[in-house]
Amino acid sequence: MRKGKKIRLSEWQLLALGFMTVILLGSALLCLPWATAEGETPYIDALFVATSATCVTGLIPCDTGTHWTVFGQVVILLLIQTGGLGFMTFVSLAVSMFGKKMGLYGKTVLLAASGGSDFASLKYMIKRIVLGTALFEGIGAALLSIRFIRDFGVGRGIYYAVFHSVSAFCNAGFDVLGGEFGKYCSLTHYATDPIVSLTICGLIIIGGLGFCVWSDVWDCKFRWKKLRLHSKIVLSVTGGLLLVSTILFLIFERNNVETADYTFGGKLLVAIFNATTPRTAGFNTIDMTGLSDSGYLLTVMLMFIGGSSASTAGGVKTNTCAVIILGMFAAFRGRKDIEAGKKRVDHALLAQALAIFVSCLFLVLIATLAICTIEPDASAPFRAVLFETVSALGTVGLSLSLTPTLGVISKLILIFLMYAGRVGILTLALAFGENRSVSNIRKPMDDTILVG
């Protein structure tokens with residue numbers, strides 16, 4: 001009898017389905033009666049929160065600190081850690097714990113998930129991801145404990161410190177302070193506290209740089225000239241965006257009523273936090289609904305850009321935007337080569353970058369149009385809907401308080417955006433797109449007019 005052909009998923013399909021499996025498992029756990037502190041949790045809300053946590057977004061239909069029990073919060077924290085590091089990292093750890101060796105197929109999937117460059121460095125990359133994560137989250141928790149133990153006692157102080165350190169490093173934006181300072185408060189109580197604000201900002205930035213950048217910086221002993229082009233682009237764009245955005249937020253929000261009584265140092269802390277959190281963390285130290293029009297637009301732009309590839313952050317990524325800008329300058333100068341310093345970028349990367357950028361833009365526009373059509377104008381104004389959809393696709397989590405008021409269909413749209421934003425548009429396209437065999441026959445070339 002002839003055996004049936006064994007079906008093997010591609011690395012992209014396994015990554016996409018792996019995240020989906022974690023989300024469904026998390027939603028089932030959050031539906032358990034002992035996960036909820038107040039009332040029952042409808043499945044759509046449990047699914048929404050599980051997706052938001054696994055996709056390290058931070059958008060929530062119910063306050064994390066008051067709606068969920070400690071069990072529910074721990075489930076959310078585990079989903080955040082799994083989503084932030086990638087489920088394949090945990091698979092590799094489980095395989096190692098049982099004394100097994102991962103096969104070539106598993107290594108291929110893990111290489112795609114971690115952003116590594118070759119199989120030889122994969123083992124060291126995973127070790128550095130785990131140790132680096134433990135180190136940074138541990139330092140962050142220790143620093144946050146200084147303030148939280150003082151305010152809430154030893155037990156709750158340490159728990160809050162660990163939760164917020166993991167949430168910040170994984171760029172998730174979940175907080176559990178709602179029971180202390182009011183629902184959906186985030187970190188507004190610590191707006192001018194340098195220990196909390198700067199620690200959270202540091203964790204967000206480090207998590208958003210990406211595992212490959214850490215490894216490269218360590219291997220090159222912090223010497224700029226020896227860094228890979230990827231690391232140089234990520235560090236340059238990240239530093240530039242943070243500096244420029246901080247200055248712009250200081251200018252744009254100079255008349256913000258929430259910061260009117262703050263000293264310049266306090267306003268600077270708020271500006272640094274506002275420049276950092278859209279990259280894609282989701283914490284806030286001031287009410288986002290009070291942003292000026294210019295501050296609102298800047299936040300939307302930063303959320304859309306996001307962090308870097310192979311990191312805990314979302315968005316179209318700093319690398320994508322950098323490649324597009326370099327390609328734009330090359331086109332304006334009439335050059336065929338896309339140059340970045342002393343290196344040249346492959347045109348195939350430009351095509352991928354443009355595909356990702358345009359796909360994300362279309363998704364945001366279509367989702368915004370759909371939600372505006374579904375929801376009443378009074379409860380879902382365009383300004384809030386656009387902000388929410390960009391926040392979902394960029395896996396940011398910042399909100400203008402719209403998510404809790406949305407209907408089931410609108411929440412499903414945001415769930416898809418969060419999933420697509422974390423897994424990646426390119427990964428989804430490679431996973432579920434049409435897979436035809438490559439043909440050697442090429443179609444004839446023709447031109448179209450692009451100039452006026």
Side-chain angles (χ1 to χ4, degrees), residues 57-59 164 167-168 171-173 175 184-209 234-308 313-318 321-322 325 364 383-384 386-402:
T57 304
L59 288 176
H164 291 94
S167 183
N171 281 211
D175 74 275
Y184 308 108
C185 64
S186 193
L187 299 176
T188 53
H189 187 75
Y190 296 100
T192 57
D193 189 314
I195 293 178
V196 175
S197 290
L198 295 180
T199 299
I200 294 292
C201 285
L203 289 168
I204 292 169
I205 293 168
I206 294 171
L209 288 177
V234 168
L235 292 171
S236 299
V237 175
T238 299
L241 283 175
L242 287 172
L243 177 61
V244 173
S245 300
T246 298
I247 295 171
L248 290 178
F249 272 118
L250 273 174
I251 298 171
F252 295 159
E253 302 304 316
R254 64 189 183 280
N255 296 321
N256 192 302
V257 293
E258 287 197 42
T259 61
D261 297 330
Y262 292 173
T263 63
F264 177 78
K267 291 182 178 180
L268 180 60
L269 273 179
V270 171
I272 293 172
F273 202 94
N274 284 344
T276 303
T277 192
R279 308 291 316 291
T280 56
F283 291 107
N284 58 282
T285 54
I286 62 171
D287 186 0
M288 291 285 105
T289 59
L291 287 175
S292 64
D293 288 340
S294 50
Y296 164 88
L297 184 57
L298 177 58
T299 303
V300 170
M301 292 167 62
L302 292 174
M303 290 194 297
F304 190 77
I305 294 171
S308 66
V316 298
K317 304 294 191 299
T318 53
C321 294
I325 292 172
V364 166
R383 191 175 193 262
L386 178 63
F387 195 92
E388 218 82 358
T389 54
V390 176
S391 180
L393 185 64
T395 68
V396 182
L398 290 176
S399 175
L400 298 186
S401 305
L402 179 64

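In this text the structure is predicted, and so the values were computed from the model without any measurement.
- Closest approach of Pro278 and Val396 over heavy atoms only: O-CG2, 3.8 Å.
- Side-chain contact between Thr277 and Leu302 is absent, with no heavy atoms from C-beta onward closer than 4.5 Å.
- Here Met303 contributes atom CE and Thr389 contributes atom OG1; the two are 8.0 Å apart, rounded to the nearest 0.5 Å.
- The backbone N or O of Gly265 lies less than 3.5 Å from no partner atom in the side chain of Lys267, so there is not a single donor-acceptor pair.
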Exercise for review: Report the C-alpha distance between Ile205 and Arg279 in whole Å, list the side-chain angles of each, state the deciding distance to 0.1 Å, and finish with yes or no for side chain to side chain contact (heavy atoms under 4.5 Å, CB included).
Suggested key: CA-CA 8 Å; Ile205 293 168; Arg279 308 291 316 291; over 6 Å; no
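- How far CD1 of Ile286 is from CD of Glu258: 5.5 Å, rounded to the nearest 0.5 Å.
- Side-chain atoms of Glu253 come within 3.5 Å of backbone atoms of Ser292 as a donor-acceptor pair (strictly under, hydrogens ignored).
- Thr246 places no side-chain N or O within 3.5 Å of a backbone atom of Ala275 that could act as its donor or acceptor partner.
- In this structure the side chain of Tyr262 never reaches within 4.5 angstrom of the side chain of Leu269, judged on heavy atoms.
- At least one donor-acceptor pair closer than 3.5 Å links the side chain of Ser308 to the backbone N or O of Gly208.
- In this structure, the side chain of Thr318 does not engage the main chain of Val234 through any donor-acceptor pair within 3.5 Å.
- Using a 4.5 Å cut-off on side-chain heavy atoms (C-beta onward), Asn274 and Met288 make contact.
- Ser167 places a side-chain N or O within donor-acceptor distance of the main-chain N or O of Gly173, the cut-off being under 3.5 Å.
- Between the CG atom in Asp287 and the OG atom in Ser401 there is a gap of 6.0 Å [rounded to 0.5 Å].
- Proximity of Leu398 to Asn284: side-chain heavy atoms (C-beta onward) are separated by under 4.5 Å at one or more points.
- Without hydrogens or angle criteria, Thr199 side chain to Val196 main chain gives no donor-acceptor distance under 3.5 Å.
- Not a single donor-acceptor pair under 3.5 Å links the side chain of Thr285 to the backbone N or O of Thr188.
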Practice item. Kindly determine whether Tyr190 and Ile200 satisfy side chain to side chain contact (heavy atoms under 4.5 Å, CB included), including the steps that lead there. Key: CA-CA 11 Å; Tyr190 296 100; Ile200 294 292; over 6 Å; no
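- Not a single donor-acceptor pair under 3.5 Å links the side chain of Thr276 to the backbone N or O of Leu242.
- When side chains are defined from C-beta on, Thr299 counts as touching Phe387, because their heavy atoms get closer than 4.5 Å.
- In this structure, the separation between CZ on Phe252 and CD1 on Ile247 is 11.0 Å, given to the nearest 0.5 Å.
- Here the closest non-hydrogen pair linking Leu59 and Ser391 is CD2-OG, 4.0 Å.
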Review point. Given Tyr296 and Leu400, is the side chain to side chain contact (heavy atoms under 4.5 Å, CB included) satisfied, shown in steps?
Key: CA-CA 10 Å; Tyr296 164 88; Leu400 298 186; 4.0 Å; yes
Check your understanding: Would Leu393 and Val316 count as a side chain to side chain contact (heavy atoms under 4.5 Å, CB included) if you check the C-alpha gap in whole Å, the side-chain angles of each, and the deciding distance to 0.1 Å?
Key -> CA-CA 9 Å; Leu393 185 64; Val316 298; over 6 Å; no
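- Atoms CD1 and CZ, from Ile272 and Phe249 in turn, are 12.5 Å apart once rounded to the nearest 0.5 Å.
- Here the side chain of Ser245 pairs a donor or acceptor atom with the backbone of Leu241 at under 3.5 angstrom.
- The minimum heavy-atom distance between Thr280 and Gly314, with the atom names listed, is OG1-N, 3.0 Å.
- To the nearest 0.5 Å, the span separating SG on Cys201 from CD1 on Ile206 amounts to 11.0 Å.
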